[in-house]
Amino acid sequence: MNFAEYRWEAELILRQTPAECALYPLIDEFLREFPKIGRLSLRCIALYQAKQVWEPEKLMFPMGKDGKLAALDFAILPLDFDYKKTPKGLLPGAVEVKAIYTDLETELHKKPGQITGGLSRFRRIIYTNGLEWRVYEKSSPGSCKSVSLGEYTDKSGGSVRKGRIYSPSSSDKILWFGEEKWQELRKMIEGINLEEQK
């Protein structure tokens with residue numbers, strides 16, 4: 001996938017279905033291109049909080065003080081992962097996706113347990129709204145790597161983020177930052193260490 005194809009898909013999502021789940025196929029396709037991720041198993045687990053017939057808690061973690069179990073949207077798993085056996089240690093990674101119009105920093109303040117709780121189960125978390133991409137590592141608590149491909153704006157080009165609640169409109173726009181940011185994102189994803197840590 002090149003940057004033009006990615007932008008095209010993101011803008012279709014913005015105009016047609018700006019919900020979080022509409023980004024799942026785009027994020028899945030993009031991440032599978034990277035050899036380190038392609039050698040593992042990338043599984044959508046977004047609906048597993050609904051307690052399906054199998055044992056989703058193997059991929060879940062406690063979020064918040066009440067200890068309620070939560071799940072992220074995708075798990076990056078070893079090929080030999082088996083949910084019937086309790087995995088030992090941390091799993092390679094996970095991905096948390098937010099709607100394309102969501103401000104990640106505001107969302108993080110509302111639900112900090114998604115990252116802190118997620119890092120109790122996974123060694124790293126990719127956190128994205130399709131425009132901004134962040135990588136949090138268990139080995140570097142409190143810090144993250146980040147790349148922004150563009151900014152979500154209203155139809156006049158004004159910022160809609162900055163911590164306020166926003167309802168998307170099909171006339172909103174994305175101000176894209178350019179090919180160099182696309183290459184920076186690819187380099188950041190390629191640099192993620194998904195090898196097992198003993």
Nearest 0.5 Å, what's the [atom1]-[atom2] distance between [X] and [Y]?
X: Ile37; Y: Leu31; atom1: CD1; atom2: CG; answer: 4.5 Å
X: Tyr152; Y: Glu132; atom1: OH; atom2: CD; answer: 15.5 Å
X: Ile100; Y: Leu26; atom1: CD1; atom2: CG; answer: 8.0 Å
X: Ile76; Y: Phe122; atom1: CD1; atom2: CZ; answer: 9.0 Å

request  = Test side chain to side chain contact (heavy atoms under 4.5 Å, CB included) on Arg124 and Leu194 and set out the steps.
outcome  = CA-CA 8 Å; Arg124 68 217 26 92; Leu194 289 163; 3.5 Å; yes

task = For side chain to side chain contact (heavy atoms under 4.5 Å, CB included), just list the numbers for Asn129 and Val97, CA-CA rounded to whole Å, side-chain angles, deciding distance to a tenth of an Å, and then say yes or no.
result = CA-CA 6 Å; Asn129 59 12; Val97 179; over 6 Å; no

Exercise: identify the closest heavy-atom pair between [X] and [Y]:
X: Asp172; Y: Leu14; answer: O-CD2, 3.5 Å
X: Leu90; Y: Ser120; answer: CD2-O, 3.2 Å
X: Leu77; Y: Leu40; answer: O-CB, 3.4 Å
X: Val135; Y: Ile192; answer: CG2-CD1, 3.9 Å
X: Arg134; Y: Ser146; answer: CG-OG, 4.0 Å
X: Ser148; Y: Phe177; answer: O-CD1, 3.3 Å

key: Residue list, side-chain contact (heavy atoms from CB on, under 4.5 Å) with Asp80, at least two apart or on another chain   = Pro78

ask   = With sequence neighbours left out, what residues match Glu11 under side-chain contact (heavy atoms from CB on, under 4.5 Å)?
value =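 Here the qualifying residues are Ile174, Trp176.
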
query = Are side-chain heavy atoms of Glu107 and Tyr127 found at a separation under 4.5 Å?
reply =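 Yes - at least one pair of side-chain heavy atoms lies under 4.5 Å apart.
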
key: For Lys138, salt bridge (charged side-chain N to carboxylate O under 4.0 Å, His left out) partners two or more places apart   = none

inquiry  = Once salt bridge (charged side-chain N to carboxylate O under 4.0 Å, His left out) is applied, do any residues pair with Arg7, and if so which ones, sequence neighbours excluded?
reply    =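 Expected list: none.
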
inquiry  = Would Lys98 and Thr128 count as a side chain to side chain contact (heavy atoms under 4.5 Å, CB included) here? Give the steps.
reply    = CA-CA 6 Å; Lys98 298 297 181 190; Thr128 186; over 6 Å; no

message = Check the orientation of Tyr6 and Trp133. Use parallel for under 30°, tilted for 30 to 60°, and perpendicular for over 60°.
response = tilted

task = Please confirm whether the backbone N or O of Leu42 pairs with a side-chain atom of Arg32, one donor and one acceptor, at under 3.5 Å?
result =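 Checking the backbone N and O of Leu42 against the side chain of Arg32, a donor-acceptor pair under 3.5 Å is found.
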
Main-chain N/O of Ser140 paired to Ser143 side chain as donor or acceptor, under 3.5 Å = yes

inquiry  = Show me the pairs that pass salt bridge (charged side-chain N to carboxylate O under 4.0 Å, His left out) and involve residues 180-193, at least two apart or across chains.
reply    =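 Output for this query lists Glu33-Arg186, Lys181-Glu184.
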
ask   = Step by step, would you call Glu151 with Leu131 a side chain to side chain contact (heavy atoms under 4.5 Å, CB included)?
value = CA-CA 7 Å; Glu151 182 181 355; Leu131 298 178; over 6 Å; no

query = Transitively linked via ILVMFWY side-chain contacts under 4.5 Å: Leu149 with Leu12?
reply = no

message = Counting only heavy atoms not in Lys36 (residues, nucleotides, ligands), do more than 12 fall under 6.0 Å from its NZ?
response =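 Yes, the 6.0 Å shell around NZ holds more than 12 heavy atoms from other groups.
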
Would you tabulate the side-chain donor-acceptor contacts of residues 15-24 under 3.5 Å, counting partners in other chains and residues two or more places apart, or write 'none'?
from: Glu20; atom 1: OE2; to: Tyr24; atom 2: OH; distance (Å): 2.7
from: Tyr24; atom 1: OH; to: Asp73; atom 2: OD1; distance (Å): 3.0

ask   = For the ring pair Trp8 and Phe3, is the centre-to-centre distance below 6.0 Å?
value = no

